[in-house]
Structure formats: structure tokens, C-alpha cells
Amino acid sequence: MRHARYIDRGRIHEGVWENGILVDEEGRVVSEEQVIWLPPIEPKTVYGLALNYADHAAELSLEKPKEPVLFIKPNASLIGHLAPIVYPRGVEYMHYEAELAVVIGRAGRRIQPEEAFEHVLGYTIANDVTVRDFVGNMFRPPIRAKGFDTFGPLGPWWIDAADVSNPHELEIQTYVNGEVRQRGNTRDLIFRIDEVISFISSFVTLRPGDVILTGTPPGISPVKPGDVIEIEIDGIGRLKNPVVNEGNREREKEVRA
């Protein structure tokens, strides 16, 4: 099942997406075009994973990491499906990063890899938007580069873990203005989901609602205001967000168009 959060008629709802239809808690069909989509999860903490595809590390001329390289994605960066990503004033190179996001459903500390999936509630799609200008070796992983407001699109919904037969066999594609810019598969993760959950929980308690971004495959390229980014992951859905100038955000109905 696909679980969504959205604003409709001035209230926050938690509905489901069934057979191409958005349904609220009362079973009422809701127009997907009239709601304001929210991040499907309100995370306590968002853990990001850098350089978790060998080909992505290679395209950046960086060494394959010997252990997971982590950072925290600020909750203030999170936005939902169709919400605008704001291009900061003065930056030169901003890009998308398509990622499978893991939603934790059961708390755990020192979780063993063979038990890791017992702690997974489900999966969603993330765009780990990054400004390359602020990425430097001294400050890796770069919180500033990835932490701007609106730099964390999530959604459109999260899907139950039981409905994803193999999270390590999912095609990921990024489209910019309809053109395929990025393509990868979770089979190529350097550190698999169970390994990452075990690693993080070795020093901090993972809690229900925490989200783990599993890294992006190769194929990053710059985007600019006016572009529309769409990220698709097999069996989960497609996350769409326009890019707008800072200080010049379109009205909501214009964004949806």
C-alpha cells in the first residue's frame, strides 16, 4: 500500500494511493491535483549516505569509501511532491541526486545485518539536492551543500516494505524536462541497506520515522530555474518538483501546472 500525507480543505490528511486514486481516511476520493502534497513521513532524523555507488564516486574523482559516509539532512529541507525547489542566489552548480529512501518502523540499537529488515517500515523516493559550489574535501560530507531549505523532496508517498520484493533490485531514473539524465539500480549499492542500518545503529538508536537516504547512482548534471526534475523508482512511483529562483517562487497552482 502507498501512504500519502497532504493538505486538503485546510487540514493535514493521511491517505492512501490505490489504483491511481488518492483516498482519504474516510474513504473519500480526493483530487490529486487539488491537494498540497507533503513529505509522506515526518522524520525524527534523516541520515544521508554519500558516495554509495562506485560509479558515482568515480565520476567525482573520489575514492570508494571503506565504510558508510554519513551526514544529516536537515528536516527544514524537506518538501513534498510538486513543491518547488528553490535555486539559491549566487550559486553556480546545483544538481539532483535520485535516491531510494528507507523508512524505519521499529526502534533498534546495535542491529545485526540479518535482523535489519525487521526494522524497516517501508520505502519512498528522495531527491538529495546539492550545490556543488560548497562541496570541498575539508568539509565532506557537506552539510551546507545539501541542507538548504527545499533541498529534500520526499514522496509522493511511502510504500509498505512487504510490497517491495527486493529493495536491492530497483531501477532508478532521473528526468530533467522529460530527458533522462540519470539511470542506476540499487543492486550496485556499495553498502547494502542491511549493512547501513547495522552501521548507523552501532552508535545511535534508530527510531520509528527515521529516514535513511541510500545514495545516488552516477549521472548528476546541473539544473537551473525553470527546470522540472522527476525521479522514478520501479514499483514505488515518481517524484516531481520544479526548480524556481530564490525570491521568485511561483504560486501553488502555477507550480502544479
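Heads up: numbering here begins at 1 and tracks the sequence.
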Please determine whether side-chain contact (heavy atoms from CB on, under 4.5 Å) holds for the pair Tyr47 and Asp210, giving the CA-CA distance in whole Å, both sets of side-chain angles, and the decisive distance to 0.1 Å. CA-CA 8 Å; Tyr47 298 92; Asp210 285 347; 4.0 Å; yes

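Atom OG1 in Thr205 sits 8.5 Å away from atom CD1 in Ile111 (nearest 0.5 Å). One finds the OG1 atom of Thr174 at 9.5 Å from the CD atom of Glu97 (value rounded to the nearest 0.5 Å). To the nearest 0.5 Å, the span separating CD1 on Ile36 from CG on Leu82 amounts to 10.5 Å. In this structure, the separation between CG on Asp194 and CD on Glu115 is 11.5 Å, given to the nearest 0.5 Å. Atoms OH and CD1, from Tyr175 and Ile229 in turn, are 14.5 Å apart once rounded to the nearest 0.5 Å.
Ring pair His3/Trp157: centre-to-centre distance not below 6.0 Å.
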Expected list for residues 66-77: side-chain donor-acceptor pairs under 3.5 angstrom, two or more places apart:
residue	atom	partner	partner atom	Å
Lys73	NZ	Asp128	OD1	2.4
Lys73	NZ	Val129	O	3.3
Lys73	NZ	Lys146	O	2.8
Lys73	NZ	Phe151	O	2.8
Asn75	ND2	Pro43	O	2.9
Ser77	OG	Pro74	O	2.6

Residues 9-20, side-chain donor-acceptor partners within the protein, below 3.5 Å, at least two apart:
residue	atom	partner	partner atom	Å
His13	ND1	Glu25	OE1	3.0
His13	NE2	Asp8	O	3.3

Show every donor-acceptor pair shorter than 3.5 Å between a side-chain atom in residues 164-171 and any protein atom, with sequence neighbours excluded, or say none if there are none.
residue	atom	partner	partner atom	Å
Asn166	OD1	His168	N	2.9
His168	ND1	Arg192	NH2	2.9
His168	NE2	Ile193	N	3.1
Glu169	OE2	Arg187	NE	2.9
Glu169	OE2	Arg187	NH2	2.4
Glu171	OE2	Asn185	ND2	2.9

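Side-chain contact annotation: Thr130 with Tyr96, donor-acceptor N/O pair under 3.5 Å absent.
Scanning both residues, Ala83 and Pro242, for their nearest heavy atoms gives O-CD, 3.5 Å.
Enclosure of atom CD in Glu114 by more than 12 non-hydrogen atoms of other residues, nucleotides or ligands within 6.0 angstrom is indicated.
Proximity of Leu154 to Leu239: side-chain heavy atoms (C-beta onward) are nowhere separated by under 4.5 Å. With a 4.5 Å cut-off on side-chain heavy atoms, Leu22 and Val35 count as touching.
With Thr216 as the fixed residue, the side-chain hydrogen bond (donor to acceptor under 3.5 Å, both in side chains) test singles out one of His95, Glu99, Gln182: Gln182.
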